[in-house]
Amino acid sequence: MLLRKVLLRGASASRLLISNKSPPASLLPLASGCTRFFSSSSQSEGPNDGFVAGQEGGDEQPPATITVDRSGLYHPPDHSHEPTTESELVKHLKGIIKMIGVWVMCLWEQMGQPKKVNLVELGPGRGTLMADLLRGTAKFKSFTDSMHIHMVECSPVLQKLQHQNLKCEKVGNADENGEKSSVTSITGSPVTWYSSLEQVPSGSPTIILAHEFYDALPIHQFQRSSRGWSEKMVDVGEDSKLRFVLSPQPTPATLYLMKRCKWATEKEVESLKQIEICPKAIDLTHTIAQRISSDGGGALIIDYGLNGVISDSLQAIRKHKFVSILDDPGSADLSAYVDFPSLKHTAEEASGEGEAPFWEGPDELAPVGMGTRYLAMAIVNKKQGAPVPFQ
């Protein structure tokens, strides 16, 4: 508890409050047997919601309104991966990194401070989150000495950037592929790269971080038609241009659609003319829940999403502007809202029921990660106890 209070002092000045008129986010206990779950949520107000920045303690400061450009949170123009000027929102979002560090350390303590832990990040981008997390915890040597960093990244370009930002150095003898092990000079922790979560070694307690990873996974859209639900597909028209068409017969993704409809209420499904599903997200969450159930540890998922069935959120962003999905494919970043209830139900089916709150403080002080668009969900092995929630 003392450790948590010390770390929270650094994060307390970076919390964001929601400035729309939707009801405050409420705590939803999620179900599980080997694991515990939590998801905070409410309805989304779209890409241009406003946020108000506030500080805890001290003299009350007048709030500053921040205009949200959601596209600014994605890759810089033309996929250059070059540093860009940070928007005010991105600067404030750095506060969530500190809170993630606190969450990881609290979980490690409640796991009994194991001597070896696999700290895994899915889709690390430039490696900023992991680098900041390690810098923020570098003084706690017993913690950093136990960490074995695993970066799940398939892009060689981003792997190189992550290597640089983590200040990695090659050490030891070369392996059979001629590669030497990497160690970050920030904490001295070993760092290894993989292209998939399945490649990360098992057998040790594992803490998995997925920050703005799920929203980049491919989605499938189904549209209600005279035949029932038909998957929307991409076709080439007579003018050689791409167009959307409906599949004349069931597709493999229909099995995931049936599962998603089973998790929703009949009224919820009947009101929709279109449904988005993400089979990759469901499969990945199943893998995560099974890993945590067998090896111990926990996972923290933070992303843009909704606490309900998603109808149509797929969007393309190029040079910080929204463009047509079919306009010059491959030149824009694609993203879609994360269906948090489907992740919850998937984890429940994989390993049981319980709850692991990420936040239990006043609704009006809910940090970014607990709002109407930017949601958080924890999956934690029940045997080790849930980490102490923020409050």
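Numbers for residues simply follow the sequence, beginning at 1.
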Set of residues satisfying salt bridge (Lys or Arg N to Asp or Glu O under 4.0 Å) with respect to [X], sequence neighbours excluded:
X: Lys115; result: none
X: Arg135; result: Asp132
X: Lys232; result: none
X: Asp235; result: Arg243

Pairwise distance [atom1]([X]) to [atom2]([Y]) - rounded to 0.5 angstrom:
X: Leu209; Y: Leu122; atom1: CG; atom2: CG; value: 8.0 Å
X: Leu129; Y: Glu212; atom1: CG; atom2: CD; value: 9.5 Å
X: Leu119; Y: His148; atom1: CG; atom2: NE2; value: 11.0 Å
X: Asn381; Y: Gln110; atom1: CG; atom2: CD; value: 12.0 Å
X: Leu284; Y: Ser196; atom1: CG; atom2: OG; value: 10.0 Å
X: Thr346; Y: Asp339; atom1: OG1; atom2: CG; value: 8.5 Å

Side chain [X], main chain [Y], donor-acceptor under 3.5 Å:
X: Thr184; Y: Leu166; result: yes
X: Ser189; Y: Thr144; result: yes
X: Glu268; Y: Val309; result: yes
X: Asp303; Y: Phe213; result: yes

Sub-6.0 Å ring centroid separation between His150 and Tyr194: yes

For the residue pair [X] and [Y], confirm or rule out a side-chain donor-acceptor distance under 3.5 Å.
X: Glu276; Y: Gln221; value: yes
X: Tyr256; Y: Ser342; value: no
X: Ser230; Y: Ser247; value: no

Shortest non-hydrogen contact between Asp327 and Val323, atoms and distance: OD2-CB, 4.4 Å

Closest non-hydrogen atom pair between Pro329 and Leu242, with its separation: CG-CD1, 3.6 Å

Option from His163, Gln162, Gln199 for which side-chain hydrogen bond (donor to acceptor under 3.5 Å, both in side chains) with Trp193 holds: Gln162

According to ring pair (Phe, Tyr, Trp, His ring centres under 6.0 Å), does anything in residues 261-285 pair up with another residue at least two apart or in another chain? List the pairs. Trp263-His345

May I ask you to decide whether Glu349 forms a salt bridge with Lys262, counting only side-chain N to carboxylate O separations under 4.0 Å? yes

Any side-chain heavy-atom pair from [X] and [Y] closer than 4.5 angstrom?
X: Ile302; Y: Tyr214; value: no
X: Ile325; Y: Phe244; value: yes
X: Ile379; Y: Thr285; value: yes
X: Ile275; Y: Ile310; value: no

Applying side-chain hydrogen bond (donor to acceptor under 3.5 Å, both in side chains) to Ser311 and Gln274, what does each step give before you reach the verdict? CA-CA 5 Å; Ser311 176; Gln274 185 166 286; 5.1 Å; no

Side-chain cluster (under 4.5 Å, hydrophobic types only) that Leu246 belongs to, other residues: none

